[in-house]
Amino acid sequence: MIREITIGQYYDEESVIHRLDPRVKLVATLIYIISIFVVNNIPGYAFVVVFLGICIALSHVPFKFIVKGLKPVMIILFITIAFNMLLTPGEILWKFWILKISREGLKAGATMALRLTLLITGSSLMTLTTTPNNLTDGMERLLRPLTRIRVPVHEIAMMMSIALRFIPILLEETDIIMKAQMARGADFESGNIFRRAKALVPLLVPLFVSAFRRANDLAMAMEARCYRGGEGRTKMKPLKYNGRDYAAYAIVWLFLAGCIVLRIVL
Amino acid sequence: MGIIKTEKLGYEYIRRDDEGNVSGITRAVDDVNIDVEPGEFIAILGHNGSGKSTLAKQINAILTPSEGEIYVDGMNSADPDKLWDVRQCAGMVFQNPDNQIIGQLVEEDVGFGPENLGVPTPEIWERVTESLRMMQMLEYSKHSPNKLSGGQKQRVSIAGVLAMHPKCIIFDEPTAMLDPHGRKEVIRSARALNDVEKITIILITHYMEETIYADRIFVMDKGRIAMEGTPKEVFSQVEKLQELRLGVPQATLVAHRLKAAGLPIPDGILNRQELREALKACL
């Protein structure tokens with residue numbers, strides 16, 4: 001189940017988007033998200049969709065792969081649409097018992113669905129085209145000014161990259177513990193949701209114990225290799241802007257400007 | 001003074017109950033005096049709980065001695081100003097290969113040490129390439145460590161230590177979690193580093209077979225050095241080793257039994273070849 005989620009996964013491919021500096025991609029995603037909430041009319045949405053379409057085409061990530069990533073969030077999407085449709089007051093189109101659908105609600109639901117889809121597709125495009133390591137590096141650099149107000153930016157980035165490194169190891173371990181307990185008669189698959197949740201407790205306890213042990217070992221190994229925080233540390237792969245990164249910045253800002261113009265003019 | 005010298009070294013683990021009162025003291029290391037010359041290959045043997053890992057962690061300054069002193073290349077490990085120099089000089093390879101790899105790519109993990117030391121970027125790359133080549137892992141530099149075998153992971157860990165240019169490497173049971181093939185890989189690498197690069201090696205293990213190539217063996221028991229000497233000297237005392245709950249290499253055991261049965265076989269036979277020679281001499 002865990003393996004089906006494509007958000008946060010990296011799709012290995014050679015493309016302009018893949019080669020962009022992670023900082024550019026992070027900033028671009030932020031601007032893109034803002035622009036989704038700036039536009040409020042059909043030409044505006046069309047503009048955003050076309051922009052996103054061009055980005056996907058440039059990234060060489062198959063469209064099918066991106067759509068697959070949308071599946072797990074479908075439920076949230078439907079709930080949002082339903083709430084918007086049923087609870088927005090206005091001119092009533094359809095009524096049954098206490099359920100009412102208004103014209104305004106329909107419009108709000110459709111807008112919200114479109115916005116959410118665009119939001120998720122856009123941000124998953126960023127994670128699909130950036131290795132987790134690049135992503136944390138980019139975040140560390142972008143958030144560096146926050147160290148002045150004592151935000152431990154380096155430590156957070158280090159924690160993220162260690163977490164990413166240990167996800168496959170812990171997944172494998174979960175699998176082993178699960179099998180070991182199934183061999184001794186544990187039942188993870190039958191019963192209602194509460195029973196299943198309860199069955200997970202004997203799985204989580206050994207997993208946590210082992211995770212702490214690993215953390216202890218890792219901390220010792222890091223200290224033995226002279227790790228002492230971000231100060232005085234050099235980078236093996238320092239981030240450097242290229243020509244295409246500046247071009248990408250320009251395009252993204254122009255895109256935001258376009259969205260604002262479309263909102264004001266139309 | 002040698003590269004590693006301990007004087008009356010002691011370490012106590014203090015157990016506390018819920019209120020923080022001392023409920024028990026375990027002396028893990030007790031009055032240990034060793035002096036290791038640069039370029040030596042030292043093996044430290046001992047059964048579980050004999051204090052050998054605690055000793056290793058003290059050399060690397062992860063633990064500071066409760067009593068006595070330990071000098072690494074002339075630097076006192078308890079000196080906070082010298083802490084990072086001590087750790088750079090005496091690198092350490094741990095038991096669990098998964099829990100000591102930090103990077104998500106092999107090359108990134110090897111670069112972790114030099115990054116911490118503040119080595120400039122181009123030199124980091126030189127060091128990474130050089131250490132991976134020494135460990136014959138260069139072709140895996142862009143691989144994820146999760147997909148390597150245990151022996152390969154340990155070689156990556158060794159490369160990670162090598163990239164920090166240490167004078168001495170402490171191996172804390174590096175083969176305990178490996179299959180026989182992986183064990184051979186790791187021991188071969190350690191011996192090669194000692195032979196070719198003249199790096200001082202301290203190998204902590206409970207596999208007898210791994211220690212027969214050492215220049216000197218220390219046998220630890222209850223935190224103390226119980227026996228000391230060349231592999232020949234140590235393994236000729238089969239009874240004493242068994243008293244310390246340690247086995248001896250198979251060939252040594254066979255030779256010992258044959259001798260006890262009356263055959264004129266010398267003491268201190270370490271491998272099959274020596275046994276074969278000795279048996280030929282009997283005929």
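Chain identifiers are assigned alphabetically (A, B, ...) following the order of the sequence lines, protein sequences preceding nucleic acid strands; residue numbering begins at 1 within each chain. Scope of the values below: all heavy atoms of this structure, side chains included, with no hydrogens, waters or symmetry mates. Note that the coordinates shown come from a computational prediction; the quantities given were computed from them, not determined experimentally.
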Completion exercise
Rounded to the nearest 0.5 Å, the CG atom of B/Asn116 sits from the OG1 atom of A/Thr234 at a distance of 8.0 Å
Can I get a per-line list of side-chain donor-acceptor pairs under 3.5 Å for residues 76-83 of chain B, giving both atom names and the distance, sequence neighbours left out?
unit_1  : atom_1 : unit_2  : atom_2 : d
B/Asn76 : OD1    : B/Ala78 : N      : 3.0
B/Asp79 : OD1    : B/Asp81 : N      : 3.1

Practice task
For residues A/Ala224 and B/Met164, report the shortest heavy-atom separation together with the two atoms involved.
Solution key: O-CE, 4.4 Å
Exercise for the section: Answer with side chain, backbone, both or neither: which region of B/Asp85 has an atom nearer than 4.5 Å to a non-hydrogen atom of chain A? Expected result: neither
Practice task
Taking atom CD of A/Gln181 as the centre, report whether more than 12 heavy atoms of other residues, nucleotides or ligands fall under 6.0 Å from it.
Solution key: yes
Handout entry: Under 4.5 Å from any heavy atom of chain A - which part of B/Pro114
Key = backbone
Exercise for the section: Name the option with the most non-hydrogen atom pairs under 4.5 Å to chain A; the candidates are B/Leu117, B/Ile101, B/Leu105. Expected result: B/Ile101
Fill in the blank from the handout: Looking only at A/Arg228, A/Arg213, A/Met158, A/Glu223, the option with the highest number of non-hydrogen pairs under 4.5 Å against chain B is A/Arg228
Exercise for the section: Could you look at B/Trp84 and say if it's the side chain, the backbone, both or neither that has a heavy atom under 4.5 Å from chain A? Expected result: both
Problem - Within 6.0 angstrom of B/Arg15 CZ, more than 12 heavy atoms from elsewhere - result: yes
Problem - Members of residues 43-69 of chain B whose heavy atoms come closer than 4.5 Å to chain A - result: B/Lys57, B/Asn60, B/Ile62
Problem - Side-chain donor-acceptor contact under 3.5 Å, B/Asn146 with A/Arg165 - result: yes
Practice task
Using side-chain contact (heavy atoms from CB on, under 4.5 Å) as the criterion, list what pairs up with B/Pro122, not counting sequence neighbours.
Solution key: B/Pro120
Exercise for the section: State the OG-CD distance between A/Ser161 and B/Glu108, to the nearest 0.5 angstrom. Expected result: 9.0 Å
Exercise for the section: Taking the side chain as every heavy atom from C-beta outward, state whether B/Gln104 and A/Leu164 have any pair of such atoms under 4.5 Å apart. Expected result: yes
Problem - Check against side-chain contact (heavy atoms from CB on, under 4.5 Å), B/Asp98 and A/Arg214 - result: CA-CA 8 Å; B/Asp98 279 323; A/Arg214 281 179 194 282; 3.8 Å; yes
Practice task
Determine which residues belonging to residues 235-248 of chain A lie within contact range of chain B, meaning some heavy atom pair is under 4.5 Å apart, and list them by number or answer 'none'.
Solution key: A/Lys235, A/Met236, A/Lys237, A/Pro238
Handout entry: Proximity breakdown for B/Val128 and chain A, heavy-atom pairs closer than 4.5 Å
Key = side chain
Exercise for the section: Would you indicate whether the side-chain heavy atoms of A/Arg233 and B/Phe112 approach each other to under 4.5 Å? Expected result: yes
Problem - Which atoms of B/Glu107 approach chain A - backbone, side chain, both or neither, heavy atom under 4.5 Å - result: both
Practice task
Before giving the answer on side-chain contact (heavy atoms from CB on, under 4.5 Å), spell out for B/Ile102 and A/Met222 the whole-Å C-alpha distance, their side-chain angles and the decisive distance to 0.1 Å.
Solution key: CA-CA 8 Å; B/Ile102 294 112; A/Met222 285 170 76; 3.6 Å; yes
Exercise for the section: Report the C-alpha distance between A/Leu218 and B/Phe94 in whole Å, list the side-chain angles of each, state the deciding distance to 0.1 Å, and finish with yes or no for side-chain contact (heavy atoms from CB on, under 4.5 Å). Expected result: CA-CA 10 Å; A/Leu218 188 73; B/Phe94 295 88; over 6 Å; no
Practice task
Decide, yes or no, whether a salt bridge links B/Asp109 with A/Arg225 under the criterion of side-chain N to carboxylate O below 4.0 Å.
Solution key: yes
